[in-house]
Amino acid sequence: MKDFFATLGIKRTFAVESAALERRFHLLQRDAHPDRFAAQHPDLGESALERSSDINEAYRILRDPMQRTKHLLSLYGFSVEQAKKVPAALLETVMNVQEKIAELEFAVNGKSEVVKDEMRPLAEELRTKRTTLDLDLNQLRDEWDVKICHVVDPDTLSDAERSILARITAFLAERAYITTLLASIEAALKGESHILKH
Amino acid sequence: MALQITLPGQEGSGRVVGIDLGTTNSLVAYVEKGEAKVIPGQDGGIVPSVVTLDDSGNIVSVGVHAKKNALIDAAHTVYSVKRLMGKSYTDVQKESGMLSYKLAPREEGLVRVRIGNREYTPIELSSFILKELKDRAESYIGETVTKAVITVPAYFNDAQRQATKDAGRLAGLEVLRIINEPTAAALAYGLDRKKNGIVAVYDFGGGTFDISILKLSDGIFEVRSTNGDTYLGGDDIDRRLMELFLTQINRIEPKFEPTPEDLQRIRTDSERVKVELSTKNEATVEMVFAAQNVSYKRRITRQELEMMAKPILERTRKPCLDAMADAGLHPDDIDDVVLVGGATRMPAVKALVQEIFKRKPNDSLNPDETVALGAAIQADVLAGGTKDILLLDVTPLSLGIETIGGMMSTIIPRNTTIPTKARETYTTFADNQTGVEVNVYQGERDFVKDNRHLASFTLKGIPPMVAGLAKISVTFLIDADGILHVTALEEHTGLSAEVEVKPSYGLTDEEIERMLRESIQYAKEDIVGRRLVEAKTEAERVTNATERVLGQIRRHEIDIPEDRLKTLNINQLIDDLYALKKAVAGDDPTEIKAKLDLLEKSTEPLAQEIMNASVAQALEGKKLEEV
């Protein structure tokens, strides 16, 4: 597995300052880019091509907060995609939303406004939940960044440290689910689509 | 595609030059004592991208002379060849009626131009222009030039880039780098001003349009996004004017059938009118087709031209908006919008750019020279001269492969910083299958049929095994030239699979090798001798024409008023004529060219006078039609 943090020579933190990352990227490319070797032996150019494209790929992934987060988690064996079953905490809300969307689909004149009014508090509830999740996520990420980011070997993580990553993964999956649900509600309220995407 | 043949190493480092190989004009520049400069010549070093060939395939002339030749021998004179790069006959067929040279109809592959009994690829024709630029650079610098940086439109696809690189090789140049024209322009712009910030380069040339958005920070030129249209330029506006003039001439004289020379004449006048209307509000065309006894005169206003050009100019809007969206930027985020390319001289273009980017564009750069100067700077960087500059460019088009149902599966998305690579794994569908065919495309559409087919390649030599067991890992690498390289590896055996690449609209390596062999043999036959023959042929053509005209004046066959005749300085002209004849008797091609240039200069006022006289004569024959 590629370690893009190592490619750019930076610590494995969730938070990365974008200006600093860009400076790092430029610094590395100044030495690695094939342009530096154009006048020299072709073999040097070949390895520069490899190194330079690795740096480009690493920068492309790490500059994007979501891709960076997923990459960091994957270095320790966690995958947000695989965690995407309906989170238990959301099960009830999900069923309520689906019910309302179905009701809206079959609502006859006048009734649909009533259903829509019942949906709005659900959306509100989801938004609040997402805000709470974001706060929790920030706290967990900070904890990792400050205390644990130097641990490179996944096998040497303590259980407590491992659970931080596990929770981040679960919260991110939940957050993604909420976002999808909210989009479905928005669409239903606008009358664009009555079919829940999930 | 990815097939590099190593040429026998040319000894001596030589100078690295930067070349702007344009649709209408080309330039060569280099860095001397830390400063980029265009190699001078007639017209400030601008070499029209025009080539004249004779029936047996000899180059008669390139540049200014060829452009003049187009008016007398259109079928042997090729222009705008850049528009044919990487194209098939079908791609360009619809406008072949407006060309004064012939295209060879072919079902597939790269389009070819037919002159006499021979056919030429756009790659060969471009190499003749590059060779001329190389020669000019060599005689100006006084050193051999073997290495170059050549610019291409940012939106050129893989085939067009490879074609340009191949043209360089055929011209005897090792192409150290293919760089994008707007990026080159940004380099010349940024270096001059030591600027940091976000810059948009709006590059509207003779045949192509590019928009690139870059971030400049302390010598790093990082392209954020690029977009464009490789088939949109000032040429299209000329063509609109041509269509208008032709329609109106046909209305006057329904039987009018333009010869290639007539078409060329209309083309030249259309271009002239367009250029004039950038600074004037009104221009006039006046054309006489003596053989068919037709004359045509028309006044045209800037407003009329702008109305005709509007649909063409409007096509630059969407690429600009898309480039901003891809870079995640709004007009407010952009610090400066720089104009490059001859067509940006049009006031209507400036107004449109101002409307799109909500700011007055920067038109302080020389739209003709900037790209060549940028190429020269990059050449210096590659030669190791300048160390604090680095270009980080992107691939303009998404690269993908065909998957089930004719869908495009993107492997490398557009605007990815290059060099870049991606890996895909393939397997077999049948037991003991030993080959897999892969089709590579470039473009943004969902179905491959709407995108550009770059090449197909076959993975061969897969060891026989049960279906689905083979794992062939294919690496797609886009290098710093924006050119694709493909390598493959069968993972079980560790054997590298054979990758056989057949470019759809280019030349195979065998073809290039053959052409190179032929050109090297040809070169051995004596370069100086060839240049001498060329110079003598051209000189004889001009001396004959001059003597004929002088005779006609003496016999009063051409009527030039006495007072006008005095201003023409005929004595100087005759001196120059004899100087040229003396040079032709010798065997120094440089001397002949120098004397030829002198004579051409001194015949210019006379040529103008004759043109006026013949117009006047013809007009007496036919009533002027003011439209």
Side-chain angles (χ1 to χ4, degrees), chain A residues 1-10 16-71 74-75 79 81, chain B residues 2 4 6-7 9 13-16 147-149 174-179 187 215-224 328 377-395 412-413 415-423 475-481 483 485 487:
Chain A
M1 151 141 325
K2 276 187 188 170
D3 177 356
F4 296 132
F5 292 94
T7 307
L8 295 189
I10 59 169
V16 174
E17 202 226 321
S18 62
L21 188 70
E22 186 184 69
R23 278 196 300 275
R24 182 83 203 148
F25 168 61
H26 288 167
L27 188 78
L28 293 173
Q29 282 293 18
R30 274 189 196 273
D31 292 331
H33 197 276
D35 282 4
R36 288 281 166 267
F37 305 93
Q40 297 171 33
H41 194 270
D43 285 354
L44 280 174
E46 281 294 307
S47 63
L49 203 56
E50 287 285 317
R51 170 100 180 107
S52 180
S53 58
D54 284 345
I55 294 168
N56 279 333
E57 186 182 10
Y59 180 56
R60 185 171 69 246
I61 300 298
L62 296 191
R63 79 203 284 195
D64 179 277
M66 198 59 221
Q67 291 202 65
R68 180 170 68 230
T69 301
K70 286 181 179 171
H71 177 65
S74 76
L75 290 173
S79 159
E81 272 75 20
Chain B
Q4 304 297 346
T6 350
L7 277 173
S13 63
R15 189 115 26 177
V16 190
K147 293 173 182 163
V149 168
E174 184 191 339
V175 182
L176 288 190
R177 183 72 78 241
I178 294 287
I179 68 166
L187 198 50
K215 185 175 180 190
L216 278 52
S217 38
D218 303 321
I220 303 258
F221 292 72
E222 188 185 349
V223 179
R224 285 300 176 83
I377 295 165
Q378 176 67 355
D380 192 47
V381 169
L382 295 180
T386 315
K387 293 219 161 54
D388 49 358
I389 292 172
L390 182 63
L391 290 188
L392 296 169
D393 219 317
V394 299
T395 178
I412 297 173
N415 293 323
T416 300
T417 308
I418 50 172
T420 185
K421 59 183 189 302
R423 205 166 281 117
T475 305
F476 298 85
L477 182 135
I478 298 181
D479 67 14
D481 294 332
I483 292 173
H485 301 250
T487 50

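So you know, we letter chains A, B, ... as the sequences are listed, proteins then strands, and number each from 1.
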Donor + acceptor pair across side chains of Asn56(A), Thr420(B) (<3.5 Å)
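No pair is found: no donor N or O on one side chain lies under 3.5 Å from an acceptor on the other.
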Hey, does [Y] have a side-chain heavy atom less than 4.5 Å from the side chain of [X]?
X: Ile418(B); Y: Asp479(B); value: no
X: Lys2(A); Y: Asp54(A); value: yes
X: Pro34(A); Y: Arg177(B); value: yes
X: Glu222(B); Y: Leu390(B); value: no
X: His33(A); Y: Leu28(A); value: no

Show your reasoning for whether side chain to side chain contact (heavy atoms under 4.5 Å, CB included) applies to Leu8(A) and Ile55(A).
CA-CA 7 Å; Leu8(A) 295 189; Ile55(A) 294 168; 3.8 Å; yes
Side chain from CB out, backbone as N, CA, C, O: work out which of these in [X] comes under 4.5 Å of a heavy atom of chain A, or both, or neither.
X: Ile478(B); answer: neither
X: Lys215(B); answer: side chain
X: Leu176(B); answer: side chain

Examine distances only and state if a side-chain atom of Ser52(A) and a backbone atom of Leu49(A) form a donor-acceptor pair shorter than 3.5 Å.
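Between the backbone of Leu49(A) and the side chain of Ser52(A) there is no qualifying donor-acceptor contact (under 3.5 Å).
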Identify which of Ile389(B), Asp218(B), Thr417(B), Ile220(B) forms the greatest number of heavy-atom pairs closer than 4.5 Å to chain A.
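Option with the greatest count: Ile220(B).
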Per-residue contact mode, [X] against chain B (heavy atom under 4.5 angstrom):
X: Arg23(A); result: neither
X: His26(A); result: both
X: Glu22(A); result: side chain

Salt-bridge contact Asp388(B)-Arg30(A) (side-chain N to carboxylate O under 4.0 Å):
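Looking at Arg30(A) together with Asp388(B), the answer is no, because their closest N to O distance does not fall below 4.0 Å.
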With a 4.5 Å heavy-atom cut-off (strictly below), which parts of residues 57-68 of chain A touch chain B? List them by number.
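Checking residues 57-68 of chain A against chain B gives Tyr59(A), Arg60(A), Arg63(A).
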